Amino acid sequence: MKTSISKSILLLFSIFLFSNLLAQESYVLQYKYLKGSTYRYKSVANFSSTQEMAGQEMKVTGSTESVSRIDIDKVAANGDFTIIYSYDDMKVTTKAAGYDTTMVQKELIGKRTKYIFSNLGKELSSFAIDSIKIGGEAMGMDLGSGTNQKFNELPGNKLSVGGKWSVNKQDTVAIGGGSMLTKASVEYVLVGKEMKNGHNCLRIDYTSKLEMGGKMNQMGMDMFIEGTGNTKGSVWFDQAKGIWISDESEVDTDMTIAMTGQMAMTIPMTQKVKTVQNIIE
Amino acid sequence: MHIISLRNVRQSLLLIVGWLLLSCSNISYKSYSKAGETSITPALMKHYISYLASDSMKGRNTPGPELDSAASFISAEFKRFGLKPLNGSFKQNFNICVTDLGDNNVFYIEHNGVQTNFKIKDDFVPFEISSGSSCEGQLVFAGYGITAAEYNYDDYKCLDARGKIVIVFRHEPGQNDTLSVFKGADDTKYSNLKFKMANAIKHGAIGMLVITEPLNYNSIRPRGFPWPSLSKIIPREALPLNLCDEKEESIPVIHAGEAFVNAVFTSVDSLKQIQKNLDKVLENKYSDLSSFYVFLKTNILRIQKPTQNVAGLLPGSDSVLRNETLVIGGHYDHVGVKKDHKVGEDYIFNGADDNASGTSVVLAVAAAFSKMPLKPERSILFIAFAGEEKGLFGSKAYTNNPLLPLKNTVAMLNLDMVGRNSTDSLCLIGNRQSPDIASIVRTENKAEPFTLFYEKENLLGGSDHYNFYQCGIPFIFFFSGFHSDYHKVSDNPDKINFDKTAKVARLVLRVAWHIANQDKHYKIIRK
């Protein structure tokens with residue numbers, strides 16, 4: 001009896017010690033992309049959008065399937081890296097009442113943009129190498145799946161499981177003769193280790209609140225966009241290699257699109273986008 | 001030897017009389033042809049288009065003083081051609097409404113002696129279909145607010161909504177379920193809020209509170225209508241114009257959010273359970289909320305702006321057929337001027353092709369008929385519509401309140417953008433829907449042929465013929481195609497092919513003559 005109690009105590013102690021060890025295991029998260037290497041990600045974004053006019057809703061559903069390509073152009077001594085971002089493939093399917101179409105977005109394929117990121121994934125600068133004429137379906141795609149981030153911002157400090165960090169972002173994008181401001185406050189939490197796509201990964205969950213507002217000019221009409229949104233998602237990060245492997249997210253946005261000029265319109269629009277991105281090579 | 005019998009003389013005389021009659025009718029037709037068709041010249045088209053699309057018309061925006069000037073010009077021309085006014089005027093007045101949200105919208109509930117007030121924007125937002133009025137009464141849960149016999153579904157089946165304020169879910173049972181007893185994942189008409197409001201009124205409800213289904217949406221935040229007064233950046237000028245509909249009955253209708261759900265259903269999770277049960281048994285078993293008393297005031301403002309169509313009648317010459325009408329129309333409005341333009345920049349959307357060209361064809365054909373010695377047997381109504389660019393309002397106002405009975409309207413010919421692109425080609429829209437009228441156009445096209453093409457099916461709803469089509473009236477929409485100046489300040493008279501516009505007008509004249517002298521009714525295919 002005495003022996004059994006001792007064994008139990010030992011076992012409990014071991015469990016406690018092991019848990020403690022696990023809890024104390026900490027990680028430094030940092031991107032370690034290699035100069036000259038290429039990473040390709042397959043992304044599938046399913047979206048549904050509802051617009052309302054005079055009490056009547058119009059639903060549009062669809063998906064965007066794309067393969068993006070990240071060529072690592074330069075890696076600085078401090079780990080900051082320069083990428084050339086482009087699409088190898090992009091297909092947008094849109095369905096609405098009496099409308100069902102799939103379009104390959106040829107105008108976007110191969111068009112390159114250069115970005116410079118810090119070694120923690122903060123975008124430092126960007127410029128388009130090739131000009132892109134965005135219109136029609138591509139425009140819708142850009143507003144939908146464009147909410148996906150190329151790199152999540154990582155914390156500079158050591159982090160244990162359960163560790164949290166937050167990032168506030170503000171992006172202004174020039175679009176259609178105007179600009180669109182997106183504010184996002186993202187909360188990250190390190191969930192733990194998980195295998196993903198054959199990689200030993202750290203899983204990081206995130207939630208964010210979005211605020212959007214902007215004014216542009218289309219066909220001589222002023223267009224206003226205002227909205228709010230919520231994102232929740234998870235990213236799987238291969239800490240040893242310093243690359244992200246997968247990202248799954250859900251974005252809900254409530255927007256108002258208004259037009260003045262030749263026509264006056266005020267249209268409420270609700271959009272839901274579920275995106276899954278996985279590294280393919 | 002020549003022997004002439006009386007019988008032969010009679011036969012010869014009959015032959016001569018017959019020939020003379022035939023000759024006379026030919027002369028009549030030719031005189032119609034000459035006097036009518038020859039009056040339609042490129043110079044005439046240039047005169048009309050240049051006037052309507054001049055800078056002084058400031059783009060003929062609806063509503064606006066320049067559009068009124070254009071209306072007066074068209075009225076004067078109709079009068080000059082000897083057309084008859086209807087109801088004492090060439091102008092058919094109607095109102096366009098802007099719906100706005102005023103101040104002092106109030107929503108609160110009382111329960112067990114406690115009053116809970118809700119804030120506009122955060123807790124509730126009125127819909128634009130709402131009345132501007134107040135109501136108070138007991139609360140009742142009416143499921144999805146749907147009565148649909150074809151789906152054997154009735155949320156009001158065991159419900160007394162009389163004098164009460166109903167709570168309804170925004171959409172329909174099984175909204176995203178492909179196996180839904182409704183139309184699978186596609187929404188049916190029963191999801192339309194106007195339908196829900198009408199159904200609530202039919203069941204005696206005095207107000208309607210709409211809530212988002214918590215099982216289907218992550219957020220049940222109230223959206224209602226995105227009123228500029230509740231927005232940081234949306235300007236008031238973005239409020240849409242609508243055709244005023246005084247006949248439509250309405251009640252206060254708002255979108256209520258989470259605070260209201262928590263106050264009435266305890267929590268969003270409780271509401272999820274109610275929705276789950278409702279979607280499962282398809283019967284509204286949760287209705288009694290009589291311990292809740294609601295006060296709701298929605299301050300919806302409907303600002304009326306008057307405008308007008310211009311219509312003139314050429315009465316038919318046949319005592320019977322004159323009761324039937326052919327409508328020849330085109331919109332005379334365009335989109336006005338550019339705001340915030342730079343000094344020296346062209347800022348006027350003159351709309352020479354869109355649609356001074358079509359209006360000019362209407363005027364030229366009316367003028368041609370006035371010059372013809374014979375008048376058509378059926379009556380012809382020439383009409384210039386306002387508000388097309390804002391949403392086909394003029395033609396909708398006409399078909400809502402026709403000057404002549406729609407049941408006796410045999411066809412409608414619509415002219416919209418007929419002055420550009422290839423000289424010899426013309427697009428007909430309505431070939432599939434109105435095969436008989438299209439066939440007449442092809443017949444009459446032989447005299448002075450265009451290469452006709454038909455592929456613009458997607459433009460079925462793109463102009464004023466659409467409202468006639470919706471009323472089951474055969475139509476043809478004459479259209480010369482889009483171009484790079486479409487809805488730009490560069491749509492000017494100097495870009496118009498006046499020869500082509502005149503040729504279109506002559507074709508329309510022949511088609512109109514054909515239809516107006518034919519005792520026949522035409523097929524309409526509405527699918």
Side-chain angles (χ1 to χ4, degrees), chain A residues 48 50-61 95-99 178-181 207 209 211-232 250-272 274, chain B residues 59 61 98-99 125 127-130 170-171 175-176 185-187 189 191-198 210 212 217-219 221 223-228 230-242 253 255 334-341 347 349 389-391 458 486-489:
Chain A
S48 69
T50 307
Q51 298 163 31
E52 191 165 320
M53 287 173 89
Q56 187 153 13
E57 286 193 337
M58 284 180 292
K59 252 189 197 174
V60 181
T61 59
K95 286 181 188 173
Y99 185 75
S179 65
M180 179 97 175
L181 173 72
T207 57
K209 286 188 188 305
E211 240 181 82
M212 292 152 281
K215 184 184 170 186
M216 56 197 84
N217 193 281
Q218 295 279 307
M219 286 180 68
M221 289 189 279
D222 286 330
M223 189 188 278
F224 303 84
I225 296 181
E226 185 181 51
T228 57
N230 293 296
T231 307
K232 61 177 181 181
E250 237 184 272
V251 187
D252 287 332
T253 50
D254 282 339
M255 287 193 283
T256 299
I257 298 174
M259 276 186 255
T260 62
Q262 295 183 17
M263 289 202 80
M265 271 189 206
T266 308
I267 305 165
M269 192 165 106
T270 304
Q271 203 171 45
K272 190 188 276 276
K274 274 187 183 180
Chain B
N61 194 36
V98 178
T99 305
V125 181
F127 283 100
E128 78 279 31
I129 60 165
S130 174
R170 173 65 191 83
H171 300 93
Q175 191 202 359
N176 299 319
D186 293 337
D187 286 348
K189 64 180 180 183
S191 276
N192 186 329
L193 272 186
K194 276 192 172 180
F195 169 84
K196 288 178 191 243
M197 179 173 73
V210 180
T212 301
Y217 294 86
N218 293 335
S219 166
R221 198 172 74 83
R223 299 212 67 202
F225 184 77
W227 303 103
L230 303 180
S231 156
K232 287 179 196 163
I233 64 165
I234 308 292
R236 211 179 150 273
E237 304 88 77
L239 283 169
L241 294 169
N242 285 299
V253 181
H255 199 178
H334 194 50
V335 297
V337 295
K338 242 188 204 180
K339 276 194 322 171
D340 308 325
H341 60 277
Y347 67 101
F349 295 97
E389 300 285 7
K390 306 292 183 204
N458 57 339
Y486 172 70
H487 278 216
K488 290 186 182 165
V489 292

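Quick note: numbers below take in every heavy atom, side chains included, and nothing from hydrogens, waters or symmetry partners. Lettering follows sequence order; numbering is per chain, from 1. Fair warning: this is a prediction, and the values are worked out from it, not measured in the lab.
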Return the option, out of Pro226(B), Gly224(B), Gly336(B), Gly59(B), with the maximum number of heavy-atom pairs under 4.5 Å with chain A. Pro226(B)
Contact part of Lys272(A) toward chain B, heavy-atom cut-off under 4.5 Å: side chain, backbone, both or neither? side chain
With sequence neighbours left out, write down each residue that passes salt bridge (charged side-chain N to carboxylate O under 4.0 Å, His left out) with Glu250(A), or none if nothing qualifies. none
Thr270(A) and Arg223(B), any side-chain heavy atoms less than 4.5 Å apart: yes
Check whether any side-chain heavy atom of Arg221(B) sits under 4.5 Å from a side-chain heavy atom of Thr228(A), and report yes or no. yes
So which part of His334(B) gets closer than 4.5 Å to some heavy atom of chain A, the side chain, the backbone, both or neither? neither
Among Lys232(B), Lys189(B), Lys338(B), Glu389(B), which has the most heavy-atom pairs under 4.5 Å with chain A? Lys232(B)
Side chain / backbone / both / neither for Met58(A) at chain B, heavy atoms under 4.5 Å: neither
What heavy-atom pair brings Pro235(B) and Thr260(A) nearest, and what distance separates the two atoms? CG-CG2, 3.8 Å
Shortest non-hydrogen contact from Ile234(B) to Thr256(A)? CD1-CG2, 4.0 Å
Applying a strict 4.5 Å limit to non-hydrogen atoms, the region of Asp254(A) in contact with chain B is both
Does any heavy atom of chain B fall under 4.5 Å from the side chain of Ile257(A), the backbone, both, or neither of them? neither
What option among Ser231(B), Pro228(B), Ser219(B) has the most heavy-atom pairs under 4.5 Å with chain A? Ser231(B)
CG of Leu239(B) to CE of Met265(A): how many Å apart, nearest 0.5 Å? 13.5 Å
For Lys339(B), give me all partners under salt bridge (charged side-chain N to carboxylate O under 4.0 Å, His left out), at least two apart in sequence or on another chain. Glu237(B)
Report yes if the side chains of Lys390(B) and Met263(A) come closer than 4.5 Å at any heavy-atom pair, otherwise no. no
Is Lys196(B) in contact with chain A via its backbone, its side chain, both, or neither, using a 4.5 Å heavy-atom distance? neither
